[in-house]
Amino acid sequence: MKFELTEEQTGFAEAITDLMRSADSVAVARSWAGGDTAPGVKLWGRLADLGLTALVAPEEDGGLGGTLVDLVVAFEVLGHELAVGPWIESAALSPQTSGEMVTAAAAPLAPYAADAQVARLLSGTAGAQHASIDSTRTLTEVTGGEAFGAEALDRAVLAAAAQLVGAGERVLADSVTYVKQRKQFGREIGSYQAIKHQLADVRIALDFARPLVFGAALGEVPVSAAKVYAADAAYLAARTGLQVHGAIGYTAEFDLSLWLNRIRALVTAWGTPAYHRGRVLEAITDQKQAG
Amino acid sequence: MDLTLSESELAFQAEVRSWLAANVPAEPLPSMDTEAGWALHQEWEAKLAAERLSVVSWPREVGGREASLIEWVIFEEEYYRAGAPGRVSQNGIFLLAPIIFDHGTPEQQARFLPSMATGEKIWAQAWSEPEAGSDLASIRSTAVRDDERGGWILNGQKTWSSRATYAHWGFGLFRSDPDSAKHAGLTYYLFPLDAEGITVRAIAQLDGEAGFAEIFFDDVFVPDADVLGAPGDGWRVAMSTAGNERGLSLRSPGRFCAAADRLVELWKLNGADAPQSRDAVVDAWIGAQAYRLFTWGTVTRLADGGEMGAAGSVNKVFWSELDIALHETGLDLLGADAELLETPWMDGYVFSLSGPIYAGTNEIQRNIIAERILGLPREPKGAAK
């Protein structure tokens, strides 16, 4: 019985982190949001070379044959470092051994296809485009197209949950740094209990969301349970992060906003909290009837 | 990452499960905070002990079966899943015993541990005082050296002492050096609650039962043999107890998973009448699962030689709030019948209300999380006044 990452897994996470930081993934995300996708496509290629899109594809199909735990490890980093592009679609929903950037709509979980302006639409016909609160996501209406299997959809939900945990961790870390620097009334605001207790609650929420995400990867709980808690925890991190930053956190210019908007988008993408709570209830009441 | 159990762990689980299925009382025992319930709980403890199931992780010579940490969690999960009675010996086993193992003399270990394992002697914690709760270092009860008799004379008052109404022995901190700074000069004493000079006064809790008590000390003699750890070293000794209480050992996941399963059953019966409780039912169930998985992570880390540390505070805030949420939701689903004192939901609810208060209030825990885990600055001295 072991419930912790292997050295290979932590090493893999570090490799993705290093690559994204050396490529300045935040600047890449800002370019992407401004319509220049070239730096993002380049970074995508380097991450794909690490095997990200092929991670959970079976070895006999040319993939790496990684586990869902490996997938969670990777997506937590993608959330932490603010990766842009349709990673959930190309690495979790429909893993691409070629490293290709693909996208898809999968109603009702994901009624719009993300980033169809740069990615190949797997099926259906692209329609009108819409802006997202997350300026790094462009949403495209899709008509027709094939439905995805339950396993593929669960992988996508799991990846979204892991990304939320990573994004929440990043907002917490940045908030902690900020409240140790910012002074009011002659001392760091992080020394005030009102600030401390809010950030402690974020620490607690994330500490209990992460085991659910890994537990879902191991089949211990429904992926919907992981998505519900990860979304709640990340959203608490975002709301708290904004509050402790004050007005500077409310500006687009300050990088925190990129994560706040990413989190807000992912709370409802790949299944709203209400949808996933409904699925959990279904799972636990059916399970009881069967048992 | 692999949550499958080994052959021997599965065998242990099967053994525990079948023994509990055959032996757990069909009807819940009366409250342990009543005289009749107390006796029945002691009987149950003895029955567990006869099977070496009362303290599975302890060495064999003091009543255990040297179970690993993983086996301990397995045992606890099975125990609560089986609906087995709450442990009247809990304070001694979880709070005092680890300290006796770490700091007690071999003589103290031999004298106190076996009767704790069988439930023959029940222990009560005597830490808080009227002026010292969260700020435990400010305790005033005194211990004065008595060289002639080879021991100490205790005076003062302890309060909120759980189980002390019917318990046999107490353990607590006293100020043995009045001139030293707050944390220094405290000593850890063990004393029989029927010793000359001790008066125990029961305090009724929210539900009217005498769950805790005040203990008054009037020139109570404690021999040197009943001092735990070195004189003056009580704070350090006591703090290792606090870590146990806040962390893993007191609240096993089985307790919350069993309550969550009962909640789901209740939802299936009454949910149609209380659709607004749907999210609360789901969140409580997910919370119990989160706690179970988080605990497996902690167990893995501890088994690899890690320490609980401040993570125990994260644990404590979470389980104490989860426990209340679970029971509040249960009461919501019961509708007007929730008010009836006889339901197990109300019983569990009243108990759960103490969670955020004892073992260091959740406000204290959040300070610990903020300062020791997040690294935020301490509040300047005097700012809290």
Side-chain angles (χ1 to χ4, degrees), chain A residues 1-6 9 67 69 72 172-173 175-176 179-180 186-193 195-205 207-222 224-226 228-229 232 273-274 276-281 284-285 287-289, chain B residues 1-6 9 68 70 73-74 260-261 263-265 267-268 271 278-279 281-283 285-287 289-301 303-304 306 311 313-315 317-318 321-322 362-363 365-371 373-380 383-384:
Chain A
M1 211 285 312
K2 281 274 173 197
F3 197 44
E4 62 178 3
L5 297 178
T6 62
Q9 285 163 337
T67 64
V69 172
V72 167
L172 175 60
S175 300
V176 165
V179 302
K180 284 201 275 192
R187 56 182 167 112
E188 303 90 341
I189 63 171
S191 67
Y192 292 102
Q193 243 183 26
I195 301 278
K196 278 183 178 160
H197 286 193
Q198 289 190 62
L199 292 172
D201 281 338
V202 175
R203 180 66 276 150
I204 295 164
D207 273 351
F208 283 89
R210 181 179 286 105
L212 277 169
V213 177
F214 283 114
L218 293 170
E220 289 282 319
V221 287
S224 287
V228 166
Y229 248 55
D232 276 3
H276 285 297
R277 283 193 167 91
R279 276 191 60 189
V280 171
L281 187 69
I284 58 183
T285 47
Q287 180 193 320
K288 293 297 148 193
Q289 277 151 8
Chain B
M1 207 175 261
D2 174 16
L3 285 179
T4 52
L5 300 178
S6 70
E9 286 160 354
S68 69
I70 290 169
V73 178
I74 291 170
D261 287 345
L263 188 65
V264 171
E265 290 304 310
W267 166 265
K268 282 157 68 178
R278 184 196 84 150
D279 286 359
V281 171
V282 171
D283 286 351
W285 184 86
I286 299 176
Q289 295 300 313
Y291 190 75
R292 177 173 71 93
L293 292 162
F294 178 90
T295 303
W296 283 122
T298 308
V299 164
T300 302
R301 195 159 48 80
D304 286 349
S313 295
V314 172
N315 206 29
V317 173
F318 187 84
E321 294 186 349
L322 170 66
N362 283 10
E363 286 74 21
Q365 308 300 344
R366 286 186 168 91
N367 284 350
I368 293 172
I369 294 164
E371 289 170 13
I373 298 180
L374 298 179
L376 295 180
R378 292 182 67 88
E379 195 132 9

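Values in this document were obtained by computation on a predicted structure and should not be read as measured data. In what follows, every chain begins at residue 1, and chains take the letters A, B, ... in the order their sequences are listed.
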Checklist entry - Can you say whether Leu374(B) sits under 4.5 Å from chain A via the side chain, the backbone, both, or neither, judging by heavy atoms? => result both
Next on the checklist: Please report the interatomic distance CZ(Phe214(A)) to CG(Leu293(B)), rounded to the nearest 0.5 Å.
Outcome noted: 11.5 Å
Checklist outcome for this item: Between Ala370(B) and Ala200(A) the two heavy atoms that sit nearest each other are N-CB, 4.4 Å
Checklist entry - Between Val69(A), Asp201(A), Val179(A), which has the largest tally of heavy atom pairs under 4.5 Å with chain B? => result Asp201(A)
Checklist entry - When only pairs under 4.5 Å are counted, which of Gly375(B), Ala303(B), Ala290(B) shares the most heavy-atom pairs with chain A? => result Ala290(B)
Item to check | Point-to-point distance, once rounded to the nearest 0.5 Å, from CH2 of Trp285(B) to CD1 of Ile284(A) | outcome: 5.5 Å
Next on the checklist: With side-chain contact (heavy atoms from CB on, under 4.5 Å) as the criterion, how do Thr4(B) and Met1(A) come out once you've worked through the C-alpha distance, each side chain's angles and the decisive distance to 0.1 Å?
Outcome noted: CA-CA 5 Å; Thr4(B) 52; Met1(A) 211 285 312; over 6 Å; no
Checklist outcome for this item: Pair count under 4.5 Å, heavy atoms only, with chain A: among Ile369(B), Ile373(B), Asp283(B), Val317(B), highest is Asp283(B)
Item to check | Under 4.5 Å from any heavy atom of chain A - which part of Ile286(B) | outcome: both
Checklist entry - Asp304(B), Val281(B), Thr300(B): which one forms the most heavy-atom pairs within less than 4.5 Å of chain A? => result Thr300(B)
Checklist entry - chain B heavy atoms under 4.5 Å from Leu218(A): which part of the residue, side chain, backbone, both or neither? => result side chain
Checklist entry - Step by step, would you call Arg278(B) with Leu281(A) a side-chain contact (heavy atoms from CB on, under 4.5 Å)? => result CA-CA 8 Å; Arg278(B) 184 196 84 150; Leu281(A) 187 69; 3.6 Å; yes
Next on the checklist: What part of Pro222(A) gets within 4.5 angstrom of chain B, counting heavy atoms only: side chain, backbone, both, or neither?
Outcome noted: side chain
Next on the checklist: I need the Met1(B) CE to Gln9(A) CD distance, nearest 0.5 Å.
Outcome noted: 6.5 Å
Item to check | Aromatic plane relationship, Tyr291(B) with Phe208(A) - under 30° parallel, 30 to 60° tilted, over 60° perpendicular | outcome: parallel
Checklist entry - What part of Ser6(B) gets closer than 4.5 Å to chain A, counting heavy atoms only: side chain, backbone, both or neither? => result neither
Next on the checklist: Ignoring hydrogens, what is the shortest heavy-atom contact between Gly287(B) and Tyr229(A)? Give both atom names and the distance.
Outcome noted: CA-OH, 3.2 Å
Checklist entry - Would His197(A) and Asn367(B) count as a side-chain contact (heavy atoms from CB on, under 4.5 Å) if you check the C-alpha gap in whole Å, the side-chain angles of each, and the deciding distance to 0.1 Å? => result CA-CA 7 Å; His197(A) 286 193; Asn367(B) 284 350; 2.7 Å; yes
Checklist entry - Which is it for Trp267(B) and Thr285(A) under the side-chain contact (heavy atoms from CB on, under 4.5 Å) test, yes or no, and what are the steps along the way? => result CA-CA 9 Å; Trp267(B) 166 265; Thr285(A) 47; 4.0 Å; yes
Checklist entry - Does any heavy atom of chain B fall under 4.5 Å from the side chain of Ile195(A), the backbone, both, or neither of them? => result neither
Checklist outcome for this item: Between Gly190(A) and Leu376(B) the two heavy atoms that sit nearest each other are O-CB, 3.6 Å
Next on the checklist: Using only atom types and a distance under 3.5 Å, with no angle test, would you say the side chain of Lys196(A) pairs donor to acceptor with the backbone of Pro377(B)?
Outcome noted: yes
Next on the checklist: What part of Glu363(B) gets within 4.5 angstrom of chain A, counting heavy atoms only: side chain, backbone, both, or neither?
Outcome noted: both
Item to check | Region of Glu188(A) that comes under 4.5 Å of a non-hydrogen atom in chain B | outcome: side chain
Checklist entry - Looking at Lys2(A), Gln193(A), Lys180(A), Glu220(A), which has the largest count of heavy-atom pairs under 4.5 Å with chain B? => result Lys2(A)
Item to check | Between OH on residue Tyr192(A) and CD on residue Glu379(B), distance to nearest 0.5 Å | outcome: 9.0 Å
Item to check | Reported CZ-to-CZ distance for the pair Arg210(A) and Phe294(B), which is rounded to 0.5 angstrom | outcome: 10.5 Å
